[in-house]
Amino acid sequence: MDRRFQIAYDQTSAAWAAADHARAAALAGCPLTPDGVQVAYFGRPHLVPHGEGEVVNLATGKPAHASIAIVLWHYLLTADGTLPADRWLTFRELPDGLFYSQAFAGHAEGLLAERFGADAAGLHRAAASLGGERLTAAPGGGLAPPDAAYRFQAFPRLAMAVQLWEGDEEFPGRVQVLFDAHASHYLPTEDLSGVGDWLAHKLSHAG
């Protein structure tokens with residue numbers, strides 16, 4: 001395993017092994033089974049086993065990548081049962097979001113703008129392939145209505161949105177990634193940055 005994940009992986013695995021799994025599953029909105037907790041990550045079912053066993057992608061039957069396992073454990077350990085707010089925040093509006101905002105804008109939003117800045121039709125196709133729900137009104141951000149906007153269910157109680165304003169000869173395209181206003185009740189901001197990067201990567205390669 002990549003050393004940069006090893007310490008976080010070991011610490012989070014141990015924290016999960018010591019947690020109350022039934023309570024965590026209930027607060028996270030996930031089914032509890034005799035083998036562990038089933039967690040949907042962007043619609044992809046995963047099994048987070050009791051104890052310190054490997055997290056498994058149930059669609060492939062293979063162990064999840066360390067980065068995915070860590071974020072699933074963090075989701076279960078952080079979840080407090082707060083209902084979704086059904087309103088959106090930009091990344092910089094999240095707790096400590098300013099600290100990561102420049103990197104997030106370059107990694108996630110920049111990647112999406114580069115790929116789809118002049119191709120709203122491509123974003124429509126990519127979002128549909130990842131189970132995105134088309135939004136007919138701008139989720140937020142104080143800007144003109146976007147040319148494309150989609151909602152994604154990252155976790156059972158954590159939604160995200162992506163909206164695009166196509167560029168032209170005068171202005172480059174712009175993409176904004178948004179998070180449910182109660183996202184911090186389910187993941188730390190550093191993890192939300194990683195989830196946003198994952199979604200941006202998948203969309204950019206799906207389109």
Side-chain angles (χ1 to χ4, degrees), residues 1-84 91 94-96 100 103-104 107-108 111 126-127 129-133 151-160 162 177 179-180 182-206:
M1 183 188 301
D2 190 321
R3 182 169 175 77
R4 62 184 173 149
F5 293 121
Q6 189 68 60
I7 294 175
Y9 185 96
D10 291 343
Q11 290 178 341
T12 312
S13 176
W16 171 247
D20 182 336
H21 296 177
R23 181 175 185 274
L27 293 174
C30 299
L32 180 71
T33 76
D35 296 322
V37 181
Q38 290 187 13
V39 185
Y41 182 58
F42 288 98
R44 294 161 172 78
H46 290 73
L47 179 68
V48 180
H50 302 303
E52 297 187 37
E54 290 184 306
V55 175
V56 175
N57 182 327
L58 293 175
T60 65
K62 298 179 179 179
H65 188 274
S67 61
I68 301 298
I70 290 168
V71 81
L72 265 63
W73 281 322
H74 282 176
Y75 174 76
L76 290 169
L77 291 166
T78 305
D80 64 7
T82 299
L83 294 177
F91 185 83
L94 296 170
D96 298 320
Y100 302 102
F104 185 76
H107 294 163
L111 176 63
S129 73
L130 291 180
E133 174 190 351
R151 179 186 185 279
F152 299 89
Q153 196 67 41
F155 287 97
R157 291 183 175 168
L158 174 58
M160 298 173 58
V162 172
V177 178
F179 299 82
D180 184 88
H182 288 166
S184 62
H185 290 269
Y186 290 93
L187 281 177
T189 298
E190 185 175 4
D191 282 323
L192 292 171
S193 175
V195 173
D197 284 343
W198 186 94
L199 177 59
H201 175 80
K202 290 297 183 180
L203 284 171
S204 65
H205 286 79

### Query
Atom OG in Ser193, atom CG in Leu187: separation rounded to 0.5 Å?
11.5 Å
### Message
Within this structure, what is the CG-CG distance for the pair Leu27 and Leu77, rounded to the nearest 0.5 Å?
### Response
11.0 Å
### Message
Below 30° counts as parallel, above 60° as perpendicular, anything between as tilted: where do the rings of His205 and His201 land?
### Response
tilted
### Summary
Looking only at heavy atoms, the pair that brings Met160 and Ala154 closest together is SD-CB, 4.0 Å
### Task
Could you walk me through whether Tyr41 and Phe155 pass the ring pair (Phe, Tyr, Trp, His ring centres under 6.0 Å) test, one step at a time?
CA-CA 5 Å; Tyr41 182 58; Phe155 287 97; 5.1 Å; yes
### Considering all heavy atoms, the nearest Ala108-Gly196 contact
CB-O, 3.9 Å
### Task
Working to the nearest 0.5 Å, report the span between CG of Leu58 and CD of Gln38.
5.5 Å
### Task
List the steps, then state whether ring pair (Phe, Tyr, Trp, His ring centres under 6.0 Å) holds for His50 with Trp16.
CA-CA 8 Å; His50 302 303; Trp16 171 247; 7.4 Å; no
### Query
Just wondering, do Ile68 and His46 contact through their side chains at under 4.5 Å, heavy atoms?
yes
### Query
Within the distance-only criterion (no hydrogens, no angle test), does the side chain of His182 pair as donor or acceptor with the backbone N or O of Leu83 below 3.5 angstrom?
yes
### Message
Would you say that Val195 contacts Phe179 through its side chain, given a criterion of any heavy-atom pair below 4.5 Å between the two side chains?
### Response
no
### Query
Is there a side-chain contact between Val37 and Leu47 (heavy atoms, below 4.5 Å)?
no
### Task
Compare all side-chain heavy atoms of Lys202 with those of Leu130 and state whether any distance is below 4.5 angstrom.
yes
### His107 atom NE2, neighbour heavy-atom count above 12 within 6.0 Å
no
### Message
I'd like to know if the side chain of Ser129 reaches the main chain of Ala126, judged simply by a donor and an acceptor atom lying under 3.5 Å from each other, with no hydrogens or angles considered.
### Response
yes
### Query
Is the shortest heavy-atom distance from the side chain of Leu76 to the side chain of Cys30 under 4.5 Å?
yes
### Query
More than 12 non-hydrogen atoms from neighbouring residues, nucleotides or ligands closer than 6.0 Å to CD on Glu52, yes or no?
yes
#### Entry: Residue pair Arg157 / Pro84: nearest heavy atoms and the distance that separates them
O-CG, 4.2 Å
### Query
To the nearest 0.5 Å, what is the distance between CG (Asp191) and OG1 (Thr78)?
7.0 Å
### Task
Check whether the side chains of Asp80 and Thr82 place a donor and an acceptor atom closer than 3.5 Å, and report yes or no.
yes
### Task
Report yes if some heavy atom in the side chain of Ser184 is under 4.5 Å from a heavy atom in the side chain of Thr189; otherwise report no.
no
### Task
Find out whether Val56 and Lys62 are in side-chain contact, i.e. whether some heavy atom of one side chain is under 4.5 Å from a heavy atom of the other.
no
## Note on the structure
Closest non-hydrogen contact found for Phe152 with Gly132 is CE2-CA, 3.5 Å
#### Entry: Heavy-atom pair with the smallest gap, counting every atom of Leu192 and Phe91
C-CE1, 4.4 Å
## Note on the structure
On a heavy-atom basis, the closest approach of Ala183 and Leu94 is CB-CD2, 4.5 Å
### Query
Given the rule in the side-chain contact (heavy atoms from CB on, under 4.5 Å) test, do Phe42 and Gln153 qualify, once you have shown the distances and angles that lead to the verdict?
CA-CA 6 Å; Phe42 288 98; Gln153 196 67 41; over 6 Å; no
### Message
Within this structure, what is the CH2-OG distance for the pair Trp198 and Ser67, rounded to the nearest 0.5 Å?
### Response
10.0 Å
### Message
Once rounded to the nearest 0.5 Å, what's the spacing between atom NE2 of His21 and atom CZ of Arg23?
### Response
13.0 Å
### Query
Any luck finding a side-chain donor-acceptor pair between His74 and Thr12 under 3.5 Å?
yes
